[in-house]
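So the structure is just underneath, and the comments pick up after that.
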Amino acid sequence: MKDLYNYSLLRHNTFGIAAECSRFIEVGTVGEACLLPSMLAGCDGPLLVLGGGSNLLLTGDFHGTVIHSAIKGMEHYVASDGSIMLRVGSGETWDYVVEVCVENGWHGAENLSLIPGEVGAVAVQNIGAYGAEASQIIHETEAVDIATGRRLTFAAADCGYGYRQSRFKKEWKGRYLITHVIFRLSPVFRPFLEYGNITEMLHSKSIDTPTPHQLRQAIIDIRRQKLPDVAVMGNAGSFFMNPVVERATFLHLKELYPDIPHYTLGDGREKIPAGWLIEQCGWKGRALGRAAVYDRQALVLVNLGGATGADIVALCQAIQHDVSRRFGIDIAPEVNIV
Ligand code: EPU
């Protein structure tokens, strides 16, 4: 267990913002997580539960306590219906979990390859990419109530999962430290190739029917083409969520912009790629101070080196303003701004 004061968060946020927190507690076991109430007794500052820091924008020093799980380990058993139940410590790196699944023939996570971050955040954020969402494979989430030390288990159906949403992000925010996530994986490989340019990428490698390894590699290749490497250029993946609009609003926009890309949702509403809206406003590749819009994917804001959180926020607001003025659509950040 770590309990440190005036601790630098530079290595804990992929935007690469230099900021400190007043106190940093890291737990390595469930038993240590259960000690949090006594450790925090008499400490009335704000709390921030942090995963890999890949979805976080720090706007300054955090005058409170950051709690991080370093709980590791994976164990599995086969359920009576043949599903593989994989229980993973919340501090494991998500992409390592995907790699282990692919190596072992446990299927369902392939399209979520190379998403940065740790397992606890997978269950909070309901990460998604290339037609897959974490909620499709999350079975249960185990957590400790930070105020009482009590251990709880949440069924996925009770976690309010939606597009990049969960109750952990809303009414349960800051209340629980997730200790483990139990995934339900399939022994049968049913590849989902319909999204975007997956088949195009496979065809460029002369692959028609991919193996799980080949699908994972194709996803990795696509992500590397479109998304900047945090080791080279600080960023937090998609900065904004894709806005969802009523069909009437979409049809009106389509008259003005016949090529507008969109995904029709089950409820008849339409999701519009924020990257397209931002690009149309001329922001792709443009910088404001040390913060910029990535030149290969306008949904991603990058730190050109030495940017402060305020620089990124200023860029975010300028983009929101232009998108709203031109399209009448409000785009909301996906990243957690602290
Ligand atoms: N587009 C543009 N210009 C751009 C970027 C996108 O015109 O600069 C348009 C293109 O028409 C493209 C469409 O938007 O076909 C969709 O782009 P893309 O497939 O790159 O996906 P996205 O909707 O921009 C979402 C996720 C990504 C995820 C990809 C692939 C959100 C907020 N983002 O982006 O997630 O990797 O789909 O599934 O839903 C992340 O959350 O950090 C992330 C990277």
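First listed ligand is number 1; within each ligand, the first listed atom is number 1.
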- Message: Using a 4.0 Å heavy-atom cut-off, which part of P261 comes near ligand 1: side chain, backbone, both, or neither?
- Response: side chain

- Query: If you count the atoms of ligand 1 from 1 in the order shown, which ones are under 4.0 Å from a heavy atom of F240?
  - Reply: 32 (C)

- Query: Does ligand 1 have any atom that is closer than 4.0 Å to a heavy atom of Y195?
  - Reply: yes

- Query: Which part of E279 is near ligand 1, with near meaning a heavy atom under 4.0 Å away: side chain, backbone, both or neither?
  - Reply: side chain

- Return yes or no for this condition: an N or O of A298 is under 3.5 Å from an N or O of ligand 1. yes

- Close N or O approach (N242, ligand 1; < 3.5 Å): yes

- Query: Crowded around Y96 OH? As in, over 12 foreign heavy atoms under 6.0 Å?
  - Reply: no

- D221 side chain to Q217 side chain, donor-acceptor N/O pair below 3.5 angstrom: yes

- Task: Salt-bridge test for D95 and R223: reply yes if a basic N is under 4.0 Å from a carboxylate O, no otherwise.
- Result: no

- If you measure from each non-hydrogen atom of F239 to ligand 1, which part falls under 4.0 Å: side chain, backbone, both or neither? neither

- Item | For ligand 1, the portion of R223 having any non-hydrogen atom under 4.0 Å away | side chain

- Query: Between E20 and S8, is any side-chain donor less than 3.5 angstrom from a side-chain acceptor?
  - Reply: no

